Novice: 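Handing you a structure now.
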2 protein chains.
Amino acid sequence: MATSSSPSSAAPSPSPRTDPLTLEVVELIGTVVARYYEEYEEAASEHSLTGAQARVLGLLSIEPMPMRRIAKKLKCEPSNITGIIDRLEARGLVERRPDPADRRVKLAAPTEEGVRVARGLRDSLNFAREPLAELSREERVSLRGLLRRMLGEGA
Amino acid sequence: MATSSSPSSAAPSPSPRTDPLTLEVVELIGTVVARYYEEYEEAASEHSLTGAQARVLGLLSIEPMPMRRIAKKLKCEPSNITGIIDRLEARGLVERRPDPADRRVKLAAPTEEGVRVARGLRDSLNFAREPLAELSREERVSLRGLLRRMLGEGA
DNA sequence: TATTGTTATACTCTATAACTATA
DNA sequence: TATAGTTATAGAGTATAACAATA
């Protein structure tokens, strides 16, 4: 922390755990996460969906998939997906289709109505995320770069 | 403000909803949020706490407060806090104290053990958030500025 | 024998409404 | 009368374990 020597060009970090700057950024990220989450739940609620239902529907609206895979994406137990799909199906937003290649598998796919709701959800989310409009184009490019670096190669 | 001429210096944004750059940044923020949330739940779980319990304990470790206020901070109904505090109290991490000024109020405060657990939780979180270490000091300063701008005056 | 989806069970979080004890 | 905390209730998400159908 205090008087580190830091020899090289751009010292990567003096001591990531205690550095006040890092703690401040961590705090800010926490705030972003909290706000984002709130707004996601709110947007879901406006469409009479729970957060989990909205996440599953959003996932399926990109690509139908086996129940098992949904569980992996959501990082929860497969048994939970049964109930979530049940409720989405009861509302006519999702249907279970047989997989021609493997009769054990059920493919969950959004109905037309489900696609519409997913689209509406995505739109209200983009709207909610508009704090980004505060930033100029250059700043958004900069933010994109920093977030990519933070997230590593994967993103 | 559709086809605004945007006279000033740095054009703030062409059309925040559809601009590919903005969508890309939104996507990245979504990834950060998901990862952050996962790691939070994971850290809580390592201390045998649920996410909600960890959030309440973290809150109280900064400052003891009336149950009602916890509900406001967590944006949930006050009746829910009763159960969460019950479970934290049963584990000896939190206690209910009378408020000398108002006998209706109960102040929730962490025990010594609760303070220790809260500290451990915070440490594992900071550890989990270490992707920031990828960034140089300058980059973190830049990120801090961008996040502040995004979040508006409040932060 | 292994895998997919399901059921059964138990726990936690959530909102709503009614209750109590204070104010 | 209004407020703080609680209780009761019901719905949803979660993990665990056991099951049927299929591979």
Side-chain angles (χ1 to χ4, degrees), chain A residues 34 37-60 64-91 93-109, chain B residues 34 37-60 64-91 93-109:
Chain A
Y37 229 76
E38 270 170 45
E39 290 178 355
Y40 191 92
E41 295 289 319
E42 210 171 292
S45 177
E46 276 162 23
H47 293 270
S48 304
L49 295 171
T50 65
Q53 288 165 12
R55 276 185 288 277
V56 168
L57 184 58
L59 210 55
L60 298 181
M65 62 181 78
M67 320 265 296
R68 209 87 183 176
R69 188 130 61 92
I70 302 174
K72 269 189 193 118
K73 289 274 192 184
L74 262 69
K75 294 187 203 294
C76 73
E77 293 301 314
S79 59
N80 300 325
I81 304 302
T82 300
I84 296 175
I85 295 292
D86 279 352
R87 290 179 275 277
L88 287 171
E89 199 169 31
R91 286 194 39 199
L93 301 179
V94 159
E95 61 183 11
R96 286 167 161 98
R97 295 181 193 154
D99 180 342
D102 185 337
R103 290 194 309 181
R104 291 172 304 179
V105 171
K106 288 171 188 166
L107 295 170
Chain B
Y37 229 77
E38 269 170 44
E39 290 178 353
Y40 191 93
E41 295 288 320
E42 210 171 294
S45 176
E46 276 163 24
H47 294 271
S48 303
L49 294 172
T50 65
Q53 288 164 12
R55 277 185 287 277
V56 169
L57 184 58
L59 210 56
L60 298 182
M65 62 180 77
M67 321 263 299
R68 209 87 183 178
R69 188 130 62 91
I70 302 174
K72 270 190 193 116
K73 289 272 192 184
L74 262 70
K75 294 188 202 295
C76 73
E77 292 301 313
S79 59
N80 300 326
I81 304 302
T82 299
I84 296 175
I85 295 292
D86 279 352
R87 289 179 276 276
L88 286 171
E89 199 169 29
R91 286 195 38 201
L93 302 178
V94 159
E95 61 183 12
R96 288 167 160 98
R97 296 182 191 153
D99 181 342
D102 185 339
R103 291 194 307 181
R104 291 172 304 181
V105 171
K106 287 172 189 165
L107 295 169

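Computed from heavy atoms alone, side chains included, the values below leave out hydrogens, waters and symmetry copies. Below, chain A is the first sequence line, B the second, and so on; all start at residue 1. All figures in this text were calculated on a predicted structure; none of them were measured in a lab.
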Novice: If you check the B/Ala52 side chain, which of D/dG13, C/dC13, C/dA2 turns out closest?
Specialist: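 That would be C/dC13.
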Novice: Rounded to whole angstrom units, what separation is found between the CG atom of A/Asn80 and the C1' atom of C/dT4?
Specialist: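 A/Asn80 atom CG is separated from C/dT4 atom C1' by 15 Å.
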Novice: Please confirm whether the shortest side-chain N or O distance from A/Lys75 to OP1 or OP2 of D/dT14 is below 4.0 Å.
Specialist: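 No, no such contact exists.
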Novice: Could you tell me the separation between the CE atom of B/Met67 and the P atom of C/dA21, rounded to a whole number of Å?
Specialist: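 In whole Å, C/dA21 P and B/Met67 CE are 17 Å from each other.
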Novice: Categorize B/Arg68 for me: base, sugar-phosphate, or nothing, with a 4.0 angstrom heavy-atom threshold over every strand shown.
Specialist: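 Base contact.
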Novice: Could you check whether B/Asp99 gets within reach of a base, just the sugar-phosphate, or nothing at all, counting any heavy atom under 4.0 Å?
Specialist: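 No contact at all - B/Asp99 keeps every heavy atom at 4.0 Å or more from the nucleic acid.
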Novice: A/Ala71 and A/Pro78: which non-hydrogen atoms are nearest, and at how many Å?
Specialist: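 Heavy-atom minimum between the residues: CB-CA, 3.6 Å.
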Novice: What residue among A/Leu93, A/Leu88, A/Leu49, A/Val94 forms side-chain contact (heavy atoms from CB on, under 4.5 Å) with A/Val56?
Specialist: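 The residue from A/Leu93, A/Leu88, A/Leu49, A/Val94 that satisfies side-chain contact (heavy atoms from CB on, under 4.5 Å) with A/Val56 turns out to be A/Leu88.
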Novice: Take the protein atom CG of B/Asp86 and the nucleotide atom C1' of D/dT6, then report the distance between them rounded to whole Å.
Specialist: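 Roughly 9 Å, once rounded to whole Å.
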Novice: May I have the distance from A/Ile85 (atom CD1) to D/dG13 (atom P), rounded to whole angstrom?
Specialist: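 That distance rounds to 11 Å.
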Novice: Out of D/dG13, D/dA4, C/dG5, which has the shortest distance to the side chain of A/Arg87?
Specialist: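 Of the options given, the side chain of A/Arg87 lies nearest D/dG13.
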Novice: Roughly how many Å is it from CG in B/Leu88 to C1' in C/dT12, rounded to a whole number?
Specialist: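 About 12 Å, once rounded to whole Å.
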Novice: Using a heavy-atom distance cut-off of less than 4.0 Å, which residues of residues 43-50 of chain B contact DNA chain D?
Specialist: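 Output list: empty, so none.
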Novice: By side-chain contact (heavy atoms from CB on, under 4.5 Å), which residues pair with B/Glu42, not counting sequence neighbours?
Specialist: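 Expected list: B/Glu46.
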Novice: What nucleotide, of C/dA15, C/dT6, D/dT6, holds the atom closest to the side chain of B/Lys106?
Specialist: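 Looking only at side-chain atoms, B/Lys106 lies closest to D/dT6.
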Novice: Holding to side-chain contact (heavy atoms from CB on, under 4.5 Å), I want the full list of residues that pass it with B/Ser79, two or more places apart in sequence or in another chain.
Specialist: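 Scan of B/Ser79 (side-chain contact (heavy atoms from CB on, under 4.5 Å), adjacent residues dropped) gives B/Glu77.
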Novice: Out of D/dT6, D/dT22, C/dG5, which has the shortest distance to the side chain of B/Thr82?
Specialist: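 Among D/dT6, D/dT22, C/dG5, the one nearest the side chain of B/Thr82 is D/dT6.
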Novice: First locate atom CE of A/Met65, then atom CG of A/Asp99, and finally report the distance between them rounded to the nearest 0.5 Å.
Specialist: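 A/Met65 atom CE to A/Asp99 atom CG measures 13.0 Å (nearest 0.5 Å).
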Novice: When you measure from the side-chain N and O atoms of B/Arg103 to the phosphate of C/dA21, is any distance below 4.0 Å, counting only OP1 and OP2?
Specialist: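 Answer no for this pair, as no side-chain N or O of B/Arg103 is under 4.0 Å from OP1 or OP2.
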Novice: Looking only at the side chain of A/Arg96 (C-beta and beyond, no hydrogens), which of the listed nucleotides C/dT6, C/dT16, C/dC13 gets closest?
Specialist: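 So the nucleotide nearest the side chain must be C/dT6.
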Novice: Return the value, rounded to whole Å, for the distance between atom CZ of A/Arg104 and atom C1' of D/dT22.
Specialist: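 Value for this atom pair: 6 Å.
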Novice: Figure out the CG/C1' separation between B/Asp102 and C/dT20, and round it to whole Å.
Specialist: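 In whole Å, C/dT20 C1' lies 14 Å from B/Asp102 CG.
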Novice: Working to the nearest 0.5 Å, report the span between CG of A/Leu60 and NZ of A/Lys73.
Specialist: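 Separation between the atoms: 11.0 Å.
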Novice: Could you check B/Pro78 against A/Gly83 and say which one's nearest nucleotide on DNA chain D is further toward the 5' end?
Specialist: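 Looking at DNA chain D, the more 5' nearest nucleotide goes with B/Pro78.
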Novice: In whole angstroms, how far is the P atom of C/dG5 from the CZ atom of A/Arg97?
Specialist: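 Rounded to the whole Å, the gap is 15 Å.
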Novice: For the atom pair CZ (A/Arg87) and CZ (A/Arg91), what is the distance rounded to the nearest 0.5 Å?
Specialist: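 Taking CZ in A/Arg87 and CZ in A/Arg91, the distance rounds to 12.0 Å.
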Novice: Nearest to the side chain of B/Val105, heavy atoms from C-beta on, is which of C/dA15, D/dA15, D/dG5?
Specialist: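 Taking heavy atoms from C-beta onward, the closest nucleotide is D/dG5.
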Novice: Any idea which of C/dT22, C/dT16, D/dA15 is nearest the A/Glu77 side chain?
Specialist: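 Out of C/dT22, C/dT16, D/dA15, the nucleotide with an atom closest to A/Glu77's side chain is D/dA15.
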Novice: Does A/Pro64 offer a backbone N or O that forms a donor-acceptor pair with the side chain of A/Arg97 under 3.5 Å?
Specialist: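 Looks like no, no N/O pair under 3.5 Å.
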Novice: Would you indicate which nucleotide in C/dT7, C/dC13, C/dA17 comes nearest to any side-chain atom of B/Ser79?
Specialist: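 Nucleotide nearest to B/Ser79's side chain: C/dA17.
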Novice: From C/dC13, C/dA17, D/dA23, pick the nucleotide closest to the side chain of B/Gln53?
Specialist: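 Closest nucleotide among those given: C/dC13.
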